[in-house]
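Encoded as structure tokens, the structure appears first; notes follow it.
Letters go in sequence order (proteins before strands), and every chain restarts at 1. Worth knowing before you read on, the calculation uses all heavy atoms, side chains too, and leaves out hydrogens, waters and symmetry mates.
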Amino acid sequence: MPIKRRRIENLNVQEPNITVPKKKDNDITVSQRKEQDEMTSKYFQNRLQSDFYNQACTDLAKSFLGQILVRKLPDGTELRGRIVETESYLGGEDEASHSKGGKRTERNKAMYMKPGTVYVYQIYGVYFCMNISSQGDGAAVLLRSLEPLEGLDVMRKFRELRRKEKAKALKDTELCNGPSKLCLALDMDKSFDKRDLSNDEITWLEPGSKILDKDIVFCPRIGISYAGEWTKKPLRFYVKGNKYVSVRDKMAEALMV
DNA sequence: AGAGGGATCTTCT
DNA sequence: GAAGATCCCTCTC
């Protein structure tokens with residue numbers, strides 16, 4: 001039964017608490033409802049939920065290793081890649097973080113939003129980097145490399161858009177081995193900023209494998225030579241022996257058992 | 001395998 | 001006005 005909206009016959013009469021009804025279930029057909037349910041379950045059944053992201057920054061950076069990033073294209077194609085390299089940016093005292101000293105700007109708003117919020121910023125005017133907000137004020141994790149799992153041909157096409165026609169074909173290991181390369185491969189730009197991975201229709205994380213501490217290389221972050229004592233802190237994490245990692249740190253690996 | 005330079009433009013000082 | 005959580009190409013060893 002459709003809800004009847006009360007008509008206001010006389011505009012001079014005060015009508016308190018008139019609320020415009022939201023689109024109700026009975027405004028759509030049974031088949032539309034069924035379709036909606038199927039979509040909802042597909043989007044959410046195998047997705048990492050909000051509580052997963054609610055971890056301290058460095059714990060989250062390590063927990064991301066082995067998990068699967070999914071990006072759904074407008075035509076329905078789903079691209080998948082296993083996260084194999086991350087960096088934590090702690091905010092506050094971390095001199096390398098965009099949120100150092102508690103700095104808040106229009107650009108870095110997402111760093112202060114709820115854990116699981118995507119923070120995408122443009123770098124060198126040309127590329128994008130993707131981060132995910134963690135627990136902690138202004139803290140976020142940078143995704144640095146993926147092991148491509150699904151949609152490699154599409155990823156390769158996106159990557160080749162920026163390359164010379166004569167350039168050599170990219171190997172699988174070169175598709176997503178860098179923070180901006182993975183954004184290019186998954187066609188992710190500033191429009192992904194502030195999306196909530198626990199509740200977004202075109203990007204989310206699925207549970208993958210658990211990587212144990214003994215299989216994680218801890219080493220300094222890349223490209224932050226300006227950050228004083230923070231330059232050397234071991235806040236980069238990658239899966240030991242994984243060939244899809246962007247930059248290996250042989251010193252750090254040698255120091256492992 | 002590694003070094004060096006250019007691209008390119010938003011963001012912040 | 002300068003810098004930048006990078007990538008790509010070219011040149012050299």
* **Heavy-atom check, side chain of A/Leu197 versus side chain of A/Leu48, under 4.5 Å** => no
* For A/Asp94, the option from A/Arg221, A/Lys103, A/Lys100 that meets salt bridge (Lys or Arg N to Asp or Glu O under 4.0 Å) -> A/Arg221
* Asked: How long is the line joining NZ of A/Lys100 and P of B/dT11, in whole Å?
  -> 17 Å
* Which letter, B, S or -, goes with each nucleotide of nucleotides 2-13 of chain C from 5' to 3', with contact meaning a protein heavy atom under 4.0 Å? -> --BBBBSSS---
* **Rounded distance (Å) that lies between atom C1' of B/dT10 and atom CG of A/Asn108** => 14 Å
* To do: Could you tell me whether A/Arg144 and A/Glu87 have a side-chain N and a carboxylate O separated by less than 4.0 Å?
  => yes
* Short question: side chain of A/Gln67, backbone of A/Arg82 - any donor-acceptor pair under 3.5 Å? -> no
* **Base paired to B/dC9 (Watson-Crick or G-U; both N/O distances under 3.5 angstrom)** => C/dG4
* To do: Specify whether A/Phe237 and A/Phe218 have parallel, tilted or perpendicular ring planes, treating 30° as the upper limit for parallel and 60° as the lower limit for perpendicular.
  => perpendicular
